[in-house]
Amino acid sequence: MNETPADRTRAVGVRDVAARAGVSRQTVSRVLNEHPEVAEETRRRVLSAMAELGYRMNNAARALGTRRSRTLGVLASNAEQYGPSRSIAAIEASARAAGYWVSAAFAEAGDADAVVAAVDHLIAQGMDGIVVVAPHARTLEALNALRIDVPIVTLHSSGRGARGLSVDQAAGARLAVAELAGAGHTRIAHLAGPADWLEAESRADGFAAELAARGLEPGPVIAGDWSAASGYAATAAIIDAGVTAVFCANDQMALGLLGGLHEAGVRVPRDISVVGFDDIPDAAYYWPQLTTVRQDFAELARRAVAVVIADADAAASALRPVAPVLVRRDSVAPPRT
């Protein structure tokens with residue numbers, strides 16, 4: 001039979017796969033829907049036919065037969081910040097590896113109505129589960145007021161709520177302070193993130209807890225807003241505080257502080273040591289190279305996807321906090337005597 005232009009442009013369907021594999025369309029559907037009662041040899045033959053023909057699975061059609069969309073919803077706020085943006089990308093990669101698509105909705109964290117509308121939008125699309133990037137208490141409050149009938153997990157919520165998943169922020173802060181105290185610093189300041197961010201609160205708590213555990217006096221806390229500009233603006237307050245070391249709640253603020261200290265003639269780490277948080281890709285190229293706390297966003301996303309696509313018992317172990325790691329570089333030295 002001669003191929004027509006229409007044949008060349010028509011999408012490959014289940015009928016084509018069935019013909020190439022020598023099975024019924026029902027058998028192809030069973031393979032697509034991961035039916036357990038398909039012989040392994042038959043499954044391999046169908047999958048081989050799909051690969052040969054370039055078959056692309058239609059999730060909408062599949063959902064009609066399985067009542068599952070193979071799609072996960074992601075609700076995010078403050079997606080321009082490093083942590084949330086990296087998490088969204090990692091969630092998409094983890095979902096794709098598990099055979100799922102991702103549909104995203106964005107809402108202003110301080111607007112409860114916007115959060116509710118975004119959740120409704122995702123549920124209306126038939127999501128199999130929802131991952132909420134929820135760095136603010138207000139987002140969690142809005143979610144708690146809703147009845148959501150699909151599996152849901154929250155990220156960047158510092159473990160708040162029954163299904164909150166996060167890197168252990170307080171432990172990361174304690175690693176940073178321990179690095180500075182271990183170098184001999186006793187007067188340590190904290191350049192903190194915005195007060196309405198749950199992770200900023202947890203990092204500040206970890207800062208205070210590690211100082212107390214070491215018998216050191218509470219250090220000054222200077223408020224920032226995650227931006228390099230706020231780190232730069234904090235320079236004078238940090239110099240005036242007479243500290244020899246600073247734990248910055250993120251790497252961008254550390255960048256601004258390094259610039260401000262340089263302009264003021266304060267040398268890092270000879271005069272003041274600095275530790276950041278996040279280990280953004282640029283941190284290794286700061287001057288000096290920044291000692292910081294690394295968050296494993298890929299692992300966080302992998303666990304989040306496991307939670308929303310598995311049953312509660314199977315996913316329970318995934319809810320434990322992800323451990324942070326200290327990355328030592330050049331911005332810490334013993335204090336001058």
Side-chain angles (χ1 to χ4, degrees), residues 78 80-83 135 169-170 172-212 214-280 282-293 326-337:
N78 296 101
E80 74 282 359
Q81 296 295 341
Y82 179 74
Q169 304 295 311
R174 296 190 71 154
L175 287 174
V177 175
E179 178 71 4
L180 294 168
H185 294 278
T186 58
R187 291 175 293 148
I188 305 171
H190 179 40
L191 179 51
D196 61 338
W197 280 65
L198 295 168
E199 290 182 330
E201 179 184 334
S202 293
R203 292 173 200 176
D205 289 345
F207 166 77
E210 187 63 22
L211 290 178
R214 291 174 175 268
L216 300 178
E217 291 294 322
V221 177
I222 296 111
D225 64 7
W226 297 136
S227 71
S230 71
Y232 180 86
T235 302
I238 286 171
I239 293 173
D240 291 345
V243 299
T244 63
V246 184
F247 162 47
C248 298
N250 80 337
D251 291 346
Q252 284 96 338
M253 291 193 296
L255 172 62
L257 177 61
L258 291 176
L261 292 173
H262 176 75
E263 284 189 8
V266 177
R267 291 163 294 184
V268 178
R270 182 175 176 181
D271 300 322
I272 292 182
S273 290
V274 178
V275 175
F277 203 107
D278 281 337
D279 192 28
I280 64 174
D282 297 338
Y285 302 96
Y286 288 6
W287 186 257
Q289 294 180 350
L290 185 66
T291 294
T292 185
V293 176
L326 183 79
V327 181
R328 291 185 176 89
R329 295 196 179 101
D330 301 332
S331 60
V332 175
R336 296 178 64 186
T337 57

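- With sequence neighbours left out, Asp271 forms a side chain to side chain donor-acceptor pair (under 3.5 Å) with Arg267, Arg336.
- Using modelled atom types, one side-chain atom of Ser273 and one backbone atom of Ala333 make a donor-acceptor pair closer than 3.5 Å.
- Checked by atom type and distance alone, the side chain of Arg187 never pairs as donor or acceptor with a backbone atom of Ala245 at under 3.5 Å.
- Side-chain N or O atoms of Asp225 include one that pairs as donor or acceptor with a backbone N or O of Ser227 at under 3.5 Å.
- A donor-acceptor pair under 3.5 Å is absent between the side-chain atoms of Asp330 and the main chain of Pro288, judged by distance alone.
- For Asp279 and Thr292, the side-chain atoms include no donor-acceptor pair closer than 3.5 Å.
- For His190, the ring-ring contact (aromatic ring centres under 6.0 Å, His included) partners two or more places apart in sequence, or in a different chain, are Phe207, Phe247.
- Taking every heavy atom of both residues into account, Gly260 and Thr235 meet most closely at CA-OG1, 3.3 Å.
- Taken from CZ in Phe277 to CZ in Arg203, the straight-line distance is 4.5 Å, to the nearest 0.5 Å.
- With sequence neighbours excluded, the residues forming a salt bridge (charged side-chain N to carboxylate O under 4.0 Å, His left out) with Arg214 are Glu210, listed by chain and number.
- In this view, Thr291 satisfies the side chain to side chain donor-acceptor pair (under 3.5 Å) rule with no residue, not counting sequence neighbours.
- Checked against side chain to side chain donor-acceptor pair (under 3.5 Å), Asp282 has no partners two or more places apart in sequence or in another chain.
- Without hydrogens or angle criteria, Gln289 side chain to Ala284 main chain gives a donor-acceptor distance under 3.5 Å.
- A 6.0 Å sphere centred on CD of Glu217 holds no more than 12 heavy atoms belonging to other residues, nucleotides or ligands.
- Here Ala236 pairs with nothing under the side chain to side chain contact (heavy atoms under 4.5 Å, CB included) rule; sequence neighbours left out.
- A 4.5 Å side-chain heavy-atom check between Gln252 and Tyr82 finds at least one atom pair inside the cut-off.
- The only option from Leu255, Val275, Leu257 that meets the side-chain contact (heavy atoms from CB on, under 4.5 Å) definition with Cys248 turns out to be Leu257.
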